Amino acid sequence: MMAGTRDSGLGTREKAPVLTIDGPSGVGKGSVSARVARALDWHVLDSGAVYRAVAAAALEKGLKADDEAGLVSLCESLDLQFEAGDNGILVFLDGRAVDDRLRTESVSAMSSKVAVLPAVRAALLDLQRGFRRPPGLVADGRDMGTVVFPDAPIKIFLDASVEERANRRYKQLKEKGESVKFLRLFRDLEARDRRDRERAVSPTVAADDAVVIDSTRLTLEQVVNRVLDEVQRRVDSSGT
Ligand code: DC
């Protein structure tokens, strides 16, 4: 099912349930979110891709990371859509599929700079909330359960050790034939975790009412099933 920033005028949007999946970099939130969204036939939001899209547009236009006014006006013109694919969340910018363009080193670096600006985060709030519509939304990010959808009825915080996340990334890159060093990946992840957890605005922390799932020793399938069990538990307990 496709969720977009356009055509967001459904009257019951605010009442649609949201399942938030937050967690650190490289923990597999995208794969889990896509699988869960497909199983439930809900919409999906990749909030990391929202920040990456702002960063890519800023780089294209030659904007600096401290040009808050310029960045905010970029946020207002973003046309993003997401779809739950077989292997992760598919991103569409201006109606066209984007893949590696949002994953380059320069876009990653710029996205982490724009993500610390309170004006940018505030400008992206409505856009992200616009994806909430029936029958429901799976929202993947860092602050979905704490800031963007604090009233979400189901919140998951997905975690895994740095070693395990570095290992998974190492295997993925090796399979793609890229030459990588495990230690470099490990140290990069450690540094990124520290920045994300310690930043002043929207740090990556579990919401008080989030269910924490440590996926260090779990397969993707097992994590997806744990999340779906949690959804079922909430449905049973609310009697709907
Ligand atoms: O998850 P990701 O690597 O695609 O995220 C890209 C950047 O955006 C990263 O620096 C973290 C940031 N981000 C954020 O600040 N808040 C979110 N809800 C999602 C991502």
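Order of appearance sets the numbers: ligands from 1, and atoms from 1 within every ligand. None of the values given here were measured: they were computed from a predicted structure. Worth knowing before you read on, the calculation uses all heavy atoms, side chains too, and leaves out hydrogens, waters and symmetry mates.
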Q: Which atoms from ligand 1 have a heavy atom of R103 less than 4.0 Å away?
A: 4 (O)

Q: Indicate every side-chain donor-acceptor pair of residues 56-64 with a distance under 3.5 Å to a residue at least two apart or in another chain.
A:
from, atom 1, to, atom 2, distance (Å)
E60, OE2, R101, NH1, 3.3

Q: S112 heavy atoms, cut-off 4.0 Å: which ligand 1 atoms fall inside?
A: 10 (O)

Q: Keeping R234 on the side-chain end and P153 on the backbone end, is there a donor-acceptor pair under 3.5 Å?
A: yes

Q: Output the list of atoms in ligand 1 that are nearer than 4.0 Å to some heavy atom of S47, sorted by atom number.
A: 17 (C), 18 (N), 19 (C)

Q: Could you tell me whether the side chain of D22 reaches within less than 4.5 Å of the side chain of F157, counting heavy atoms only?
A: yes

Q: Atom 9 (C) of ligand 1: which protein heavy atom is closest, and how many Å away?
A: R142 NH2, 4.0 Å

Q: Does any N or O atom in R199 lie less than 3.5 angstrom from one in ligand 1, N or O only?
A: yes

Q: Go through ligand 1 atom by atom and flag the ones less than 4.0 Å from a non-hydrogen atom of A115.
A: 12 (C), 15 (O)

Q: Can a side-chain donor-acceptor contact be found between R192 and S108 if the only test is distance below 3.5 angstrom?
A: no

Q: Below 30° counts as parallel, above 60° as perpendicular, anything between as tilted: where do the rings of F131 and F82 land?
A: tilted

Q: Give yes if a backbone or side-chain nitrogen or oxygen of R121 is under 3.5 Å from a nitrogen or oxygen of ligand 1, and no if not.
A: yes

Q: Given V54, V91, T204, D143, which one has a non-hydrogen atom that is nearest to atom 18 (N) of ligand 1?
A: D143

Q: Return the closest protein heavy atom for atom 20 (C) of ligand 1 as residue, atom name and distance.
A: G48 CA, 3.5 Å

Q: Considering non-hydrogen atoms of the protein only, which is the closest contact for atom 4 (O) of ligand 1, and what is the distance?
A: R52 NE, 2.7 Å

Q: Test your reading of the structure: does K29 have an N or O sitting under 3.5 Å from an N or O of ligand 1?
A: no

Q: Any N or O of Q128 that comes nearer than 3.5 Å to an N or O of ligand 1?
A: no

Q: With nothing but distance in play, are any N or O atoms of R192 less than 3.5 Å from an N or O of ligand 1?
A: no

Q: Judged by atom type as modelled, is there a donor-acceptor pair below 3.5 Å linking the side chain of K155 to the main-chain atoms of G145?
A: yes

Q: So, are R217 and E164 salt-bridged, with charged N and O less than 4.0 Å apart?
A: no

Q: Please determine if R187 and E190 form a salt bridge, counting it only when a charged side-chain N lies under 4.0 Å from a carboxylate O.
A: no

Q: Give the residue, atom name and distance (to 0.1 Å) of the protein heavy atom nearest atom 7 (C) of ligand 1.
A: S111 OG, 3.5 Å

Q: Indicate whether any N or O donor in one side chain lies under 3.5 Å from an N or O acceptor in the other, for D236 and Q232.
A: yes

Q: Membership question, hydrophobic clusters at under 4.5 Å side-chain separation (ILVMFWY): are V72 and V201 in the same one?
A: no

Q: Using heavy atoms and a threshold below 4.0 Å, how should the contact between M144 and ligand 1 be classified: side chain, backbone, both, or neither?
A: side chain

Q: Atom 8 (O) of ligand 1: which protein heavy atom is closest, and how many Å away?
A: Y51 CB, 3.5 Å

